[in-house]
Each structure stands twice: as C-alpha cells, then as structure tokens.
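Note sheet for the following structure.
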Amino acid sequence: MTIDLTGQKFGELTVLERTKERQDGYCVWRCRCSCGKEILVNTKRLQRGTMRDCGCVSVQTARKGPIAEDLTGRRFGRLTVLHRVENRNGRVCWACRCDCGTMHVVTAHDLKEGRVKSCGCFFRKTGRGMIDLKGQRYGRLTVVEMTEGRDKRGSVIWRCRCDCGGEICVSENGLVHGNYRSCGCLKKEIQKDIYQQLHFIDGTCLEMLEKRKHRKDNTSGFRGVSRMKNGRYRVYIGFKGKRYYIGYFSDYQDAVTARLQAEQYIHDGFVKDYALWQQRAGKEPEWAKENPFVFEVKKLSGRLEIISSVRKQEYSEKALSESSL
C-alpha cells in the first residue's frame, strides 16, 4: 500500500500531489520548494532526506557556502542541467542530459570549472590528443583510414593494409607500440622458419628434449611429478604424445629422483641414439635406408623398456667383436 505524502513537508519541500511516474520502483511526487519552484522527487529521497530543497539551498555537507547556485537549464559544453540530485562526497550534484541523449550526473564544481563537458561521447568521437596515422607505415602495415571503433581504453581503431594484400583493423596503441607489424603473415613465416629449423622424429622435437626446463605449473613444482590428495606423489613421463606412469612415492625427493632417472633413460637415450644413427647415416646413406631410426618405449611387467634400432645394432656389433677375440 502506497503512503500518501500529500501535504507533508520535507525540509524546504512541500508535497503537492502524486504523479503517475515511477523512479527506481518508487512513486514520484510533485513538490513545491519554499522558493516557489516545483520539482519531482521520489518517495525514497523524500523520506531519507536526501532531497530537502530544489537546489536553491545547500545542504550542510555542501562545500560551497550556505547557498547553492541553481544551475537548472544552464548548458556546460554538450550538457544541459535538468535537476539536482543527491549529494556525493559532500558536493552538490546535478543530473544532466548530453546532446547525444545520455543522462549523466556531474558535480556543480566540475561543471563550473569546465572539467566535464559531455557524458564522454565528445572524447570518443573527437579522440582528444589523437594522432593522424593515415599513410604511415608500421612494419608491413600501411594505415588506410580511421574507423568508428574504439578499444576498451578508448584508443582509435585504424584500418590497415598489409604488403601481402591482406587488411586488418588495429588500435592506435597497437600500432604505435609495435604490437602489430603485419596482418599475421609475418608471424606465420617466422613460425614456419622456426619449425623448419627444428628436428622432429616421430612427432618428437629433438631440440625441446635437449633444452627442457623445470616446470612450475603443476601441483609439485617439478615436471612430471604431481601431488595427490592423499599426500603421495605420482610420477609420469611423456614421450611421443603418450604418457607413461612410473609409480607412486610417499617422499617428494624419491619422486623427483625417479622422474630424473626416467628422463635419463628415455629422453637422453633418445637424443643419444638419434645422434649415433645420424652420424652413421651421414657416412652410409644406403645403410640408413635399410636401417631406419627406431626408438620406442614399451611398458612390460610394470617396467619401461626401450626398443632401439641403434642399441640393437651396437649390441650385435659388440657381440660380433667379442666372438672374434
């Protein structure tokens, strides 16, 4: 049930009648100030005392003396002052309508000092301090024209044409700070060159195994060692896209030691065997065709076993040399 406030007085405001409007879910009342001006105020602001006059008298928290200047109807830049609203941090505030149609609340101080002249649309459209980048080159990109878009920081979006013929839209910050040097073709070429410089054997990158580093993105802080909920450590090793479990350990150092031994057995063994195979293949191309490089890991009876064509060849040659002694 709506409370009838007609005739009641709140500060300098006397309630005249209830209107059909609602604001933030509250009824809106037409009130007359002691100065003779009429304004619309909702129930919440009347009962809580946040609106006690039409703006002609400053509340106790106002910082501009006993009298608050009435700014209703005045224009400041693109803003037209409509009516006074609840104070913020002790300053008199006014509801304004921007020329773009947006409502914006501004303190009287900022309005009169000229600090705020729009809801922000003026800055977005004109790009205050914007540099004309049209025709400039950044790497392979040539700036063609400015677009209507802006990034999250308000930076202007420019349409650019790449030397390869492709087009891309990039923010001013992205261009000036060198974050974009092409439409993406340069990155693809660099990645292709890097990929061609790497050696992949059965999907395994030789360089990555040789320069592997400790990882900090798991639960234990050491690669291939994960701490379980029961406090134990599970150890595994990856090779050729497969994961091989080594075992479970109660002691962290034992788990790390097991992982290092597995790396030496599998990863280092792979690098060593391939180097030996490549060395002989360079001297005997025909032999390499008949004896392709093979290095596989199998788990037999709970143990990891390596099947290597290089080691098999070494063992057979060693057996042959021993038998001839």
Side-chain angles (χ1 to χ4, degrees), residues 75-80 96-107 110-111 113-218 221 223-224 238-243 267 270-271 274 278:
R75 282 184 62 84
F76 298 88
R78 297 168 62 91
L79 298 174
T80 300
C96 308
R97 178 181 288 112
C98 186
D99 289 349
C100 70
T102 304
M103 296 296 296
H104 194 52
V105 175
V106 191
T107 65
D110 288 341
L111 285 171
E113 288 288 330
R115 295 182 180 179
V116 180
K117 296 182 179 181
S118 73
C119 66
C121 62
F122 181 75
F123 173 77
R124 291 192 294 271
K125 288 184 178 180
T126 60
R128 187 184 305 165
M130 183 188 69
I131 304 172
D132 187 7
L133 304 182
K134 187 175 180 179
Q136 295 193 35
R137 282 184 61 84
Y138 296 88
R140 297 184 177 184
L141 295 176
T142 301
V143 181
V144 178
E145 62 179 357
M146 180 181 70
T147 70
E148 294 292 330
R150 301 291 187 274
D151 65 9
K152 292 185 290 187
R153 297 182 178 179
S155 181
V156 179
I157 303 296
W158 296 83
R159 184 169 66 86
C160 306
R161 181 174 292 113
C162 185
D163 290 348
C164 71
E167 291 191 354
I168 185 175
C169 290
V170 188
S171 70
E172 178 183 327
N173 289 335
L175 289 169
V176 174
H177 292 100
N179 298 330
Y180 289 85
R181 312 296 291 178
S182 73
C183 66
C185 59
L186 181 60
K187 180 180 179 181
K188 291 180 181 178
E189 291 176 10
I190 293 175
Q191 290 178 337
K192 184 178 180 181
D193 291 340
I194 294 175
Y195 187 85
Q196 291 176 345
Q197 294 173 15
L198 299 177
H199 298 83
F200 288 86
I201 300 93
D202 292 340
T204 299
C205 180
L206 192 66
E207 285 78 9
M208 288 184 66
L209 288 183
E210 290 177 331
K211 300 178 181 179
R212 59 184 179 270
K213 299 179 180 179
H214 291 273
R215 295 183 58 173
K216 300 294 183 180
D217 59 350
N218 59 10
R223 59 182 182 271
F239 184 70
K240 289 188 178 182
K242 296 182 179 180
R243 176 176 288 189
H267 292 169
F270 175 83
V271 173
Y274 180 73
Q278 193 177 40

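We find the NE2-SG distance between His104 and Cys96 to be 8.0 Å, quoted to the nearest 0.5 Å. Atom CG in Leu79 sits 5.5 Å away from atom SG in Cys98 (nearest 0.5 Å). Taking SG from Cys160 and NZ from Lys134, the interatomic distance works out to 12.5 Å, rounded to the nearest 0.5 Å. Summarising the geometry, atom CG belonging to Asp151 is positioned 6.0 Å from atom CG belonging to Asn173; distances are rounded to the nearest 0.5 Å. Going from atom CG of Leu175 over to atom OH of Tyr180 covers 9.0 Å, rounded to the nearest 0.5 Å. Interatomic distance, Met146 CE to Cys169 SG, rounded to the nearest 0.5 Å: 12.5 Å.
Residues Phe76 and Leu111 form a side-chain contact, since some pair of their non-hydrogen atoms from C-beta on lies under 4.5 Å apart. Between Cys164 and Ser182, the closest side-chain pair of non-hydrogen atoms is not below 4.5 Å.
Qualifying side-chain contact (heavy atoms from CB on, under 4.5 Å) partners for Arg137, counting only residues two or more places apart in sequence or in other chains: Thr142, Asp163. Taking the side-chain hydrogen bond (donor to acceptor under 3.5 Å, both in side chains) definition, one finds that Thr147 meets it with nothing, sequence neighbours left out. The side-chain hydrogen bond (donor to acceptor under 3.5 Å, both in side chains) search around Asp110 returns Thr107, not counting sequence neighbours. In terms of the side-chain hydrogen bond (donor to acceptor under 3.5 Å, both in side chains) criterion, Arg181 has no residue partners (sequence neighbours excluded). With sequence neighbours excluded, the residues forming a side-chain contact (heavy atoms from CB on, under 4.5 Å) with Glu167 are Arg159, Arg161, listed by chain and number.
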Stepwise side chain to side chain contact (heavy atoms under 4.5 Å, CB included) test for Trp158 and Glu145
CA-CA 6 Å; Trp158 296 83; Glu145 62 179 357; 5.7 Å; no

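For His267 (side chain) and Gly238 (main-chain N/O), a donor-acceptor pair under 3.5 Å exists by modelled atom type.
Among Val143, Val156, Val170, the one residue that satisfies the side chain to side chain contact (heavy atoms under 4.5 Å, CB included) test with Leu133 is Val143.
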